[in-house]
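Only a predicted model underlies this, so the values are computations on that prediction, with no experimental measurement involved. Throughout, numbering of the chain's residues begins at 1 and tracks the sequence. Just so you know, these numbers use all the heavy atoms, side chains as well, and skip hydrogens, waters and symmetry mates.
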Amino acid sequence: METLFSLLLLTTLYGLTFLSLFPDKYLRKISHFNHHKNVPEYLKFSLSTPIFFSFLMGYTLASAMLYFIAV
């Protein structure tokens, strides 16, 4: 049980760390429609790809750390 909790905690921690390292230019959508119209700022950002890859890298790092330390 503590291994699962450690995996979830470390995945969240590393995923948010990697997400904070993504530059702003990669988070912006490439859309002529959104940038030349009066749309709210939060619609001009696309977070689905950075969130997926940051948590994937976080899970990979957390599972590797738990494998080498806990086992």
Distance-only donor-acceptor pairs under 3.5 Å for side chains of residues 59-66, two or more places apart:
| unit_1 | atom_1 | unit_2 | atom_2 | d |
| --- | --- | --- | --- | --- |
| Thr60 | OG1 | Leu56 | O | 2.8 |
| Ser63 | OG | Tyr59 | O | 3.0 |
| Ser63 | OG | Thr60 | O | 3.0 |

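In this structure Ile51 satisfies the side chain to side chain contact (heavy atoms under 4.5 Å, CB included) test together with Leu19, Leu47, Phe55, sequence neighbours excluded.
Met57 and Leu21 fall within a single hydrophobic cluster, where Ile, Leu, Val, Met, Phe, Trp and Tyr side chains are chained together by heavy-atom contacts under 4.5 Å.
Hydrophobic cluster membership of Leu9, counting Ile, Leu, Val, Met, Phe, Trp and Tyr whose side-chain heavy atoms lie under 4.5 Å apart directly or via other members: Phe5.
Looking at every heavy atom in both residues, Thr12 comes nearest to Leu8 through OG1-O, 2.8 Å.
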